[in-house]
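The structure appears below as structure tokens.
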Amino acid sequence: MPELPEVETVRRGLAARVSGASVAAVEVLHPRSVRRHVAGPEDFIARLVDRRFGVPERRGKYLWLPLDSGEALVAHLGMSGQFRIFDRAEDSDLGPHVRVRILLASGADMRFLDQRTFGGLAVDSVDARGVPTSVQHIALDPFDAEYDRDQAVARVRGRRTELKRALLDQQVVSGIGNIYADEALWRARLNFARPTDALTRAQGRLILDAAREVMAEALQLGGTSFDALYVKVNGESGYFERSLDAYGREGEPCARCGTLIRRVGFMNRSSFFCPRCQPTPRRRPSSP
DNA sequence: CGGAGCTCCTGGGGGC
DNA sequence: TGCCCCCAGGAGCTCC
């Protein structure tokens, strides 16, 4: 489940390995992985071959490599996307999940793998600030130099929904997925179902600062890896999983109060929380 | 037009 | 042992 820390870990890996590299050839092994490139796989390939990559950038869970053509190669990892870089292309034993291969002029082999194909690549135009068209609707993430926390708080409080829904809405604040939403809520001692329009400004700041903090700590450890579905560009795992306080800890004692962590369904996914530290709100989002 | 539900996808794992 | 079904969930899309 790549969220901001995992995507940033990948971005750093790509920055170290492919910044300034030129594309020699591209193979699209699964068309679904380039479905966001509406002009089709052939056009996708043509816009990459002989182009040179700049330094990769990221907003929220999107990352992109600027091209010397003025466009950008945009990537979203979805649920199971990975980039792997090999020094030399080896045609044998590609494995079942390699979806796109980008062979570099240096001889290196840059592979996009994606078991569930929720992720994908596209070549996209960029605006004057270098942001791809397909990323412009995404809110700034908490690590963006232009991020304004109080504006993000205002967006959360302006919604009429439940707090976790707002945290997961990439147009409110980007980069937060199910794991870090639960972790931030646990740290802020707020229940996922808290109505956003009843949240105080202080609570809004608390939850957004907690999200930023937990993602910063995860990034230090190279992100969260549950299994081989998320690895860095060199194939190594991150170590944040052992630091999680709520996510995946159903039935284990809360690190603050010892109450057993509960899991409930919410938005077609699981939410983990401490029923004592994060009590369920009495009323549903306010109604007339 | 904001909010909420649906849908895409595959492999691992649990249950029987 | 084998098979079936559920589950993981990001985000675009559709409907209300």
Side-chain angles (χ1 to χ4, degrees), chain A residues 1-8 10 28-38 58-64 74-83 94-100 112-122 124 132-139 141 154-185 192-199 211 215 223-231 237 241 244 246-251 263-272 284-288:
Chain A
M1 293 123 261
E3 303 178 33
L4 188 153
E6 294 75 37
V7 178
E8 174 61 15
V10 170
V28 175
L29 295 119
H30 197 314
R32 181 172 154 81
S33 294
V34 296
R35 68 193 180 285
R36 299 283 171 213
H37 191 92
V38 286
R58 183 190 54 72
R59 175 181 291 183
K61 304 171 195 170
Y62 282 85
L63 75 91
W64 64 92
V74 182
H76 196 291
L77 303 179
M79 285 295 298
S80 54
Q82 308 174 6
F83 279 103
L94 276 184
H97 302 135
V98 177
R99 309 303 189 190
V100 178
F112 179 72
L113 298 81
D114 193 6
Q115 180 198 101
R116 297 177 202 169
T117 67
F118 275 46
L121 308 180
D124 204 357
T133 308
S134 54
V135 182
Q136 282 163 16
H137 66 293
I138 299 296
D141 65 62
R155 282 194 296 276
V156 170
R157 296 178 73 237
R159 292 297 171 108
R160 293 179 63 84
T161 189
E162 295 143 307
L163 179 54
K164 186 168 173 181
R165 265 182 210 282
L167 294 176
L168 293 175
D169 185 338
Q170 305 298 300
Q171 298 185 64
V172 171
V173 57
S174 68
I176 303 170
N178 200 40
I179 297 173
Y180 298 113
D182 279 3
E183 292 302 301
L185 288 164
F192 61 87
R194 290 286 290 249
T196 47
D197 55 356
L199 218 60
M215 291 195 292
T224 302
S225 302
F226 291 106
D227 51 39
L229 278 190
Y230 168 72
V231 293
S237 295
E241 191 206 344
L244 296 175
Y247 186 87
R249 301 221 171 270
E250 181 183 20
R263 176 172 78 96
V264 297
F266 180 72
M267 290 176 72
N268 280 330
R269 63 197 72 191
S270 290
S271 282
F272 298 88
R284 316 200 49 71
S286 61
S287 50

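FYI, side chains are in, hydrogens and waters are out, and symmetry mates aren't considered; it's all heavy atoms of this structure.
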Find out whether [X] and [Y] are in side-chain contact, i.e. whether some heavy atom of one side chain is under 4.5 Å from a heavy atom of the other.
X: I176(A); Y: M215(A); result: yes
X: R157(A); Y: R155(A); result: no
X: L4(A); Y: R58(A); result: yes
X: F112(A); Y: H30(A); result: no
X: V135(A); Y: W64(A); result: yes
X: Y180(A); Y: L167(A); result: no
X: F266(A); Y: D182(A); result: no
X: K164(A); Y: L185(A); result: yes

Protein-nucleotide distance ([X], atom [atom1]; [N], atom [atom2]), rounded to Å:
X: Y180(A); N: dG9(C); atom1: OH; atom2: C1'; value: 15 Å
X: D114(A); N: dA8(C); atom1: CG; atom2: P; value: 19 Å
X: E162(A); N: dG5(B); atom1: CD; atom2: P; value: 9 Å
X: F272(A); N: dA8(C); atom1: CZ; atom2: C1'; value: 10 Å
X: F266(A); N: dC7(C); atom1: CZ; atom2: P; value: 18 Å
X: R58(A); N: dG10(C); atom1: CZ; atom2: P; value: 15 Å
X: L4(A); N: dG9(C); atom1: CG; atom2: P; value: 18 Å
X: Q171(A); N: dA4(B); atom1: CD; atom2: C1'; value: 14 Å

TODO: Check for a donor-acceptor pair, side chain of R269(A) on one end and backbone N or O of N178(A) on the other, with a separation under 3.5 Å.
DONE: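 No: the side chain of R269(A) does not pair with the backbone of N178(A).
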Open item on the list: For a quick check of understanding: with a heavy-atom distance under 4.0 Å over all strands, which category does Y62(A) fall into, base, sugar-phosphate or nothing?
Closed with: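 Since only primed, P, OP1 and OP2 atoms lie under 4.0 Å of Y62(A), the category is sugar-phosphate.
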TODO: Report which part of the nucleic acid R155(A) touches: base, sugar-phosphate, or nothing (heavy-atom distance under 4.0 Å, all strands).
DONE: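 Nothing, no nucleic acid heavy atom in range.
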TODO: Ignoring backbone atoms, establish whether R35(A) has a side-chain N or O less than 4.0 Å from OP1 or OP2 of dG12(C).
DONE: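 So the side chain of R35(A) is outside the cut-off, no N or O lying under 4.0 Å from OP1 or OP2 of dG12(C).
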Task: Distance-only donor-acceptor check, side chains S33(A) and D114(A), under 3.5 Å - done: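 No, because no side-chain N or O of S33(A) sits under 3.5 Å from a partner of the opposite role on D114(A).
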Task: CZ-CZ distance between R159(A) and R165(A), expressed to the nearest 0.5 angstrom - done: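 Those atoms lie 11.5 Å apart.
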I'd like a list of close polar pairs between nucleotides 6-15 of chain B and the protein, N/O only, cut-off under 3.5 Å.
{"unit_1": "dG11(B)", "atom_1": "O4'", "unit_2": "Q115(A)", "atom_2": "OE1", "d": "3.3"}

If you restrict it to nitrogen or oxygen atoms, what contacts under 3.5 Å exist between nucleotides 1-3 of chain B and the protein, and what is each distance?
{"unit_1": "dG3(B)", "atom_1": "OP1", "unit_2": "R160(A)", "atom_2": "N", "d": "2.8"}
{"unit_1": "dG3(B)", "atom_1": "OP2", "unit_2": "R159(A)", "atom_2": "NE", "d": "3.2"}
{"unit_1": "dG3(B)", "atom_1": "OP2", "unit_2": "R159(A)", "atom_2": "NH1", "d": "3.0"}

TODO: Taking all heavy atoms of M79(A) and all of P2(A), pick out the closest pair and write down the distance.
DONE: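 Answer, listing the atom of M79(A) first, then P2(A): O-CD, 3.4 Å.
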- [ ] Can you pull out how bent the helix from dG2(B)-dC16(C) to dC16(B)-dG2(C) is, comparing the axes over its first five and last five pairs, to 10°?
- [x]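 What I find for the helix from dG2(B)-dC16(C) to dC16(B)-dG2(C) is an axis angle of 50°.
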Open item on the list: If you assign K61(A) and R263(A) each to the DNA chain C nucleotide with the nearest heavy atom, which residue ends up on the more 5' nucleotide?
Closed with: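 Nearer the 5' end of the strand: R263(A).
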